[in-house]
Q: 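The structure under discussion is supplied below as structure tokens; questions concerning it will follow.
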Amino acid sequence: MAKPKALFLKLSFSLSSFLYFFNSFHPVFFPQHFTTSNWPNKSVQSGSKMAVSVQNNLWDRVTELTKVAQQKGVDPLLWAIQLSSNLNSAGVVLPSVELANLLVSHICWDNNEPVSWKFLEKALILNIVPPILVLALLTTRVISRRQFQPVAYRLYLELLRRHAFKLKSHIHGLKYKEVMASVDAVLCLSETFNLPANDPGTLVVEFIFSIVWQLLDATLADEGLLELIMEEKSKWPAKSPEMELDGHNGYDDKWTEQRERLRNVNIELTIEIIGKFLEDTVTSRILHLACRNMPSNWADLIQRLQLLGENSSVLRNSKSLDSEIFLQFTADTWTIFSQEFKQNSKQKFHPIRAFGSPAASASLCHRTRYSALWLPLDLVLEDAMDGYQVEATSAIEKITSLVKTLKAVNGTSWHDTFLGLWIASLRLVQRERDPIEGPVPRIDTRLCLLLCITVLVIADLIEEEEIATIDETEYVASHHWKEKKTPGKCRNELISSLQILGEYQSLLTPPQDVISACNQAAAKAMMFISGISVNNAYFECINMKDMPMNSSAGNMRHLIVEACIARNLLDTSAYYWRGYVNGCISQMPQSIPPQAPGWSAFMKGALLNHIMINVLTSTPASSLAELEKIFEIAVKGSDEEKISAATILCGASLIRGWNIQEHTVHYITRLLSPPVPTDYSGCESHLIGYAPMLNVLIVGIASIDCVQIFSLHGLVPQLACSLMPICEVFGSCVPNLNWTLSTGEEISAHAVFSNAFTLLLKLWRFNHPPLDHGVGDAPTVGSQLTPEYLLLVRNSHLVSGNVHKDRNKMRLSAVASSSSPQPIFVDSFPKLKVWYRQHQACIASTLSGHVHGNPVHQTVDGLLNMMFRRINGGSQPLTSVTSGSSSSSGAGNEDPSLRPKLPAWDIMEAVPFVIDAALTACAHGKLSPRELATGLKDLADFLPASLATIVSYFSAEVTRGLWKPVYMNGTDWPSPAENLSNVEEQIKKILAATGVDVPSLAAGGSSPATLPLPLAAFVSLTITYKIDRASQRFLNLAGPALESLAAGCPWPCMPIVASLWTQKAKRWSDFLVFSASRTVFLQNCDAVVQLLKSCFTATLGLTANPLSSNGGVGALLGHGFGSHFCGGISPVAPGILFLRVYRSIRDVALLVEEILSLLMDSVREIACNGAGKDKSGKLKTTNNAKRYGQISLSSAMTQVKLAASLGASLVWLSGGLVLVQSVIKETLPSWFISVHRSEQEKCSEGIVSMLGGYALAYFAVLCGAFAWGTDSSSSASKRRPKILGVHMEFLASALDGKISLGCDWATWRAYVTGFVSLMVGCTPSWVLDVDVEVLKRLSSGLRQWNEEELALALLGLGGVGAIGAAAELIIESEF
């Protein structure tokens, strides 16, 4: 590519030489002598009246004198000097706007002579007229007449080349604002571009942009290319008037030939000047300002540049011009300021900017430090495995936002981003290959996240990228000269990431439960590449024993690829990837039957008999068509067929149907809200007719894994909305409404209600202690999943699908609309609302309102008689203890007819009073503990849903602390003594990695263990349940509530509960001991601090433990735990402990303070321990790495950013959006204002301060990005402008000297430059949220620190309001 200067030398000659050439066509003599005597003597005029006259006639005299000078051939320089002197004497401030208009009007077109142009040139040289205004005036007059005035156009181009690039002197001119206002008036810039006219800097940008645009239009028109793109009238006239009277029509053919030759030269010179605008440092960056702030106009300009670069014949035939200038300029311009800033930063090695670049990422690609880039992702994925927590927000939405954030902050490609996501998801699966027994999610939930949720996240990201690509090219693609870009870059990088994933063999080893599925996927690929065409029926029966001996077993990558193929992210060409499968097969294995019951046979018309139902239930569907057929049967089939179809849908297709799982949960949710039949005319709810199918569905999805799968897909709000009318209807039915199934099983309205109600309660934090519901002084941070909130989220889905292109929101909207297209509120369910209000009242205060004689009192008596009929015959009723009732109970009778024949809602209303009476009776010795537990169990067996109210009552009473403790002595109450000491030892083992001291469980000496009476009653009730499938769904409700309740009681209540339950269910031992170990942190704030410290030391590899000395994700989250590991129960990684504890920590402010303190301590330890030294103690040598004392700055920054990433992740997980905003708005400013004691260490204090500032900057930006996102697509981003604005105002005020800081100056500078650098490079959309005046103040402060590049980048991203300041900074600094 030729240099611009060289191009000018080859293509052009001086203005004087050209004027000589011009004169050869015009017989005008240029005299060489001119004296000032030719000017009229101004002194002959005197007096004020005459002065006014002179002022009024000044410009007429200037015009006349210019004509006289032109006629007499006065030397242009002498003319200009004399004119300047006379204007100064007349009080005219130079440069003169009026004179510029006069001279240009003089030339165009009555005096289009060489000497007139020379006069104009000298006026420009002596600064008598403003060059930028002259160029604007000439632009409007000359470009449109270039065909008929080629000489004038050539002179205009020469002046443009000389003066358009001298912008610095212009902005320092005395009349800068006035001149730019005149330029605006001449070119109509504000009107054309719709930008503010009161900012001269903005007008400079518009001026440069308009000049380039008009030159482009002129060139394209001259080459016959403009017609290819012009559908509307151009902003400026590009073509010459059709009826132009040329002053040289009388000349001969020689002049015509010379004029044509000059036109061709003018085209080449115009292209050269356009290229100079694109290549010049100042003007190119000014054009890039237009790129960000004038997007529609910029698209038109880019369109023209591409058309010129690709189709110009002048460019093709020129030996000195290169089309690459134009094509290169059009590439990647939308993020030019952040990208340019990153490139310049790398050259200057600003550490917080350089780390995280693609180059830096590549150097870390295959080791622990690379995995550290995705540490927040590992934490979020593992956090989603908490079986006690369901989310109203889809995991797809959450993970998608996080992936975008980490990609932006880490500066990685899509290849590295997808690879990081795959590795994090695989680590999640490998972390619990053999999960512990207990009411916790098992491997199925983790596989759902890997093989369905992750794939859907990537599918949505690819679709978003391809839609954006199409949208960007939509305008230009409508014109035949420009082919539409082929989408697929993101998709191709997915392919490359999956190919590389094959190298991670240890992560791809399948868990035991999915080995068969992996082998089937590998066999499918092998048969395909072997040319054997088979249907799915064969794969359902295939075994690796049927495959050739040299073939390899399947692994997790085979399942991932199949999941991607099912969603059209890949095609079957993936089967040919190197190393994907080994070996081939020549014929179908003989052991495979030609036909067997399964999905293929079903699709061919096989009947749904008992064998087929069992096979379809145990085998996941392989295609959407198979699911659709089952769904159609569930909707239109007979009652028996509906039950069978529901059973099949809730089977393997839900749990292991990863390729179609999002459709399975969709269909199940739709079936839970069946439509009213068209011929239905009954007065009762139509739902009663669907009772058997509804019950099958509810029971089928009640397991913890199924609930978590619905939660991951974001269907909890809609699932709750579907369950509420079922609860409302069946809870209002009398209990003798029964249905008998074909199997002989009988279900009642009470059973359907209890199953639906129990499942509904799992969908919000019902089982948490009352303090977590906002009752008390210190509720936990975060919104609760109340019924009202769930319905509000569900209703929002109805709207979001219509206004967003987001595929996930559209999926959720489709599910919500299929149930009911109208919003639904709690008021629609009056019975449920009454119970919920009673539940809240029970939490808030002791029971009241139990009046003798009312219906509730009668129900209470009936229930008490039923519960304690064996021991209550003839004695004073239990209700007399509290209510004073004189009624008597009948003798004990086992007759079921004595059970109350009441709707479930009536029973639920009475249960709190029943439990209160029973517990009071036990406290007064009227009931033995065993009788109390038996009676409670009878109540729960009668109406299983009553267990929810029992949980609610006991939780509230324990929290109130009004009941005396009872002795767990083995006589009255069960004793934990048998294995309490063993539980203590196991807790110590679990917490060994954290260094936390476990309080002794024998602190009371020989005294027996005690529990509060309600807790003792509750645990006694729960241990009466069998550990079987029928009781599992109720234990899944009571178990977490029991744990939360015991954890909130004084130590050692939870270990006692764990000991009692361990005696009941030995296979749950590991789960129970782990639950008890968590209580240590809830009882002791110092233990929480120690846990946080363990998280930092493990992640950074600063611990002496050889197992975690390498740090990273493996040390933080470990590799599972439990007694099934060799050597018994093992220590639990600190990250796992924190993720299972933080939701119950109420003092969130403590977490933030300690995380900040630990972050700064970690920075000091990184610096002082010589992170950059090798084992020999010598400094490591790295390219482009600065050194401070004993460490490599790049190595230290790697560790520092890892620590900051961990800190930000812990803050975000602990308190979400509210806590993050508090940190940015209040905590960080307070930290900088406070005075911090400097601890002198062996390392340099300067490097510690600097690294500390960078750590805080990275921490702050990551916190904000996690909460708000890097763009403005999320609803949380709407809160960003206010909080970010407050923080940026704090930065600007401190830079202005208005705020006194207490921190070290190096820390402050590193924080400000780091924070702004990350904003500019990673979250540029944030800059638009900041007030322009604040941006200008920040920019000014940065320039005082010699951070001109950063100051410019900040202003360049500040939107229309900052465009002028950015342009002036570019010109001033001459970047």
Q: How close do Asn293 and Leu195 get, heavy atom to heavy atom, and via which atoms?
A: O-CD2, 4.4 Å

Q: Run the side chain to side chain contact (heavy atoms under 4.5 Å, CB included) test on Leu307 and Gln303 for me, step by step, so that the C-alpha distance in whole Å, both residues' side-chain angles and the decisive distance to 0.1 Å come before the verdict.
A: CA-CA 6 Å; Leu307 180 58; Gln303 181 185 12; 5.8 Å; no

Q: Measure the shortest side-chain to side-chain distance between Leu1354 and Val1330 over non-hydrogen atoms and say whether it is less than 4.5 angstrom.
A: no

Q: Decide yes or no for Met180 and His170: does some side-chain heavy atom of the first lie under 4.5 Å from some side-chain heavy atom of the second?
A: yes

Q: Within the structure provided, determine whether Glu272 and Leu157 are in side-chain contact (heavy-atom separation under 4.5 Å).
A: no

Q: Among all residues two or more places apart in sequence or in another chain, which pass the side chain to side chain donor-acceptor pair (under 3.5 Å) test with Ser105?
A: none

Q: Please round to the nearest 0.5 Å and tell me the distance separating atom CD1 of Ile1370 and atom CG of Leu167.
A: 10.5 Å

Q: Keeping Thr66 on the side-chain end and Val62 on the backbone end, is there a donor-acceptor pair under 3.5 Å?
A: yes

Q: Please list all pairs passing the side chain to side chain donor-acceptor pair (under 3.5 Å) test where one or both residues lie in residues 171-181, with sequence neighbours left out.
A: His172-Glu1372, Tyr176-Glu1368

Q: Which distance, rounded to the nearest 0.5 Å, do you find between the CD of Gln214 and the OG1 of Thr219?
A: 11.5 Å

Q: Where the side chain of Arg146 meets the backbone of Ile143, is there a donor-acceptor pair that is under 3.5 Å apart?
A: yes

Q: Taking side chain to side chain donor-acceptor pair (under 3.5 Å) as the test, write out the residues that go with Ser190, two or more places apart.
A: Asp184

Q: Counting only N and O atoms by type, is there a donor-acceptor contact under 3.5 Å from the side chain of Arg304 to the main-chain atoms of Asp300?
A: yes

Q: Given the rule in the side chain to side chain contact (heavy atoms under 4.5 Å, CB included) test, do Ile107 and Arg141 qualify, once you have shown the distances and angles that lead to the verdict?
A: CA-CA 10 Å; Ile107 293 175; Arg141 289 166 169 81; over 6 Å; no

Q: Rounded to the nearest 0.5 Å, what's the gap from CG on Leu1295 to CD on Gln1344? Could you check?
A: 8.0 Å

Q: Do Val1312 and Trp1345 pass the side chain to side chain contact (heavy atoms under 4.5 Å, CB included) test, and can you show the C-alpha distance, the side-chain angles, and the key distance before you say yes or no?
A: CA-CA 11 Å; Val1312 174; Trp1345 288 349; 3.8 Å; yes

Q: Evaluate whether atom CD of Glu98 has more than 12 neighbouring non-hydrogen atoms of other residues, nucleotides or ligands under 6.0 angstrom away.
A: yes

Q: Between Ser1293 and Phe1290, is there a donor-acceptor pair closer than 3.5 Å when you use the side chain of the first and the backbone of the second?
A: no

Q: Mark yes or no for whether Thr1313, through its side chain, and Ala1310, through its backbone, hold a donor-acceptor pair below 3.5 Å.
A: yes

Q: Please confirm whether the backbone N or O of Asn266 pairs with a side-chain atom of Arg154, one donor and one acceptor, at under 3.5 Å?
A: no

Q: List for me each residue that meets side chain to side chain donor-acceptor pair (under 3.5 Å) alongside Thr1323, sequence neighbours excluded, and say none if there are none.
A: none

Q: Over all heavy atoms of both residues, which pair between Trp59 and Ser96 is shortest? Give the atoms and the distance, please.
A: CH2-OG, 3.4 Å

Q: Can you list everything that forms a side chain to side chain donor-acceptor pair (under 3.5 Å) with Asn101? Sequence neighbours excluded, please.
A: none

Q: Pair Lys1336, Glu1333 - check salt bridge (charged side-chain N to carboxylate O under 4.0 Å, His left out), show working.
A: CA-CA 5 Å; Lys1336 291 178 180 179; Glu1333 293 304 316; 3.7 Å; yes

Q: Looking at OG1 of Thr270 and CG of Leu160, how far apart are the two atoms once the value is rounded to the nearest 0.5 Å?
A: 9.0 Å

Q: If you round to the nearest 0.5 Å, how far is CD of Glu158 from CD of Glu121?
A: 9.5 Å

Q: Please name the pair of heavy atoms, one in Leu289 and one in Ala1366, separated by the smallest distance, quoted to 0.1 Å.
A: CD2-CB, 3.7 Å

Q: Would the distance check show the side chain of Asp1271 and the main-chain N or O of Ser1273 forming a donor-acceptor pair, the cut-off being under 3.5 Å?
A: yes

Q: What's the shortest heavy-atom distance between Val183 and Ala136, and which atoms?
A: CG1-CB, 4.0 Å

Q: Decide yes or no for Leu305 and Ile302: does some side-chain heavy atom of the first lie under 4.5 Å from some side-chain heavy atom of the second?
A: yes

Q: Fit a plane to each ring of His1287 and Tyr1311, take the angle between them on a 0 to 90° scale, and name the class: parallel (under 30°), tilted (30 to 60°) or perpendicular (over 60°).
A: perpendicular

Q: Might you confirm whether atom CG of Asn194 has over 12 heavy atoms from other residues, nucleotides or ligands at distances under 6.0 Å?
A: no

Q: To the nearest 0.5 angstrom, please state how far the CG atom of Asp217 sits from the CG atom of Asp222.
A: 10.5 Å

Q: Would you check, one step at a time, whether the test salt bridge (charged side-chain N to carboxylate O under 4.0 Å, His left out) holds for Arg1309 with Glu1347?
A: CA-CA 11 Å; Arg1309 172 162 181 161; Glu1347 291 281 354; 3.7 Å; yes

Q: Is a donor on one side and an acceptor on the other found under 3.5 Å between the side chain of Ser1339 and the backbone of Leu1352?
A: no

Q: Quick one: does any side-chain atom of Ser116 pair with a main-chain N or O of Asn111 as donor and acceptor, under 3.5 Å?
A: yes

Q: Looking only at non-hydrogen atoms, find the nearest pair between Leu94 and Ser84 and report the distance.
A: CD1-OG, 3.5 Å

Q: Do the side chain of Ser85 and the main chain of Ile81 share a donor and acceptor less than 3.5 angstrom apart?
A: no

Q: Tell me, do Leu83 and Leu99 make a side-chain contact under 4.5 Å, heavy atoms counted?
A: yes

Q: Mind listing the closest non-hydrogen atom pair of Phe209 and Asn297 along with its distance?
A: CZ-O, 3.7 Å

Q: Does the side chain to side chain contact (heavy atoms under 4.5 Å, CB included) test come out yes or no for Ile1283 and Trp1268, once each step is laid out?
A: CA-CA 11 Å; Ile1283 305 300; Trp1268 300 320; 3.8 Å; yes

Q: Are side-chain heavy atoms of Val179 and Val97 found at a separation under 4.5 Å?
A: yes

Q: Using the ring-ring contact (aromatic ring centres under 6.0 Å, His included) criterion, which residues pair with Phe277? Sequence neighbours excluded.
A: Phe165

Q: Contact between Tyr156 and Val134 at the side-chain level, heavy atoms closer than 4.5 Å - yes or no?
A: no

Q: Evaluate the side-chain proximity of Ile271 to Ile267: yes if any heavy-atom separation is below 4.5 Å, no if none is.
A: yes

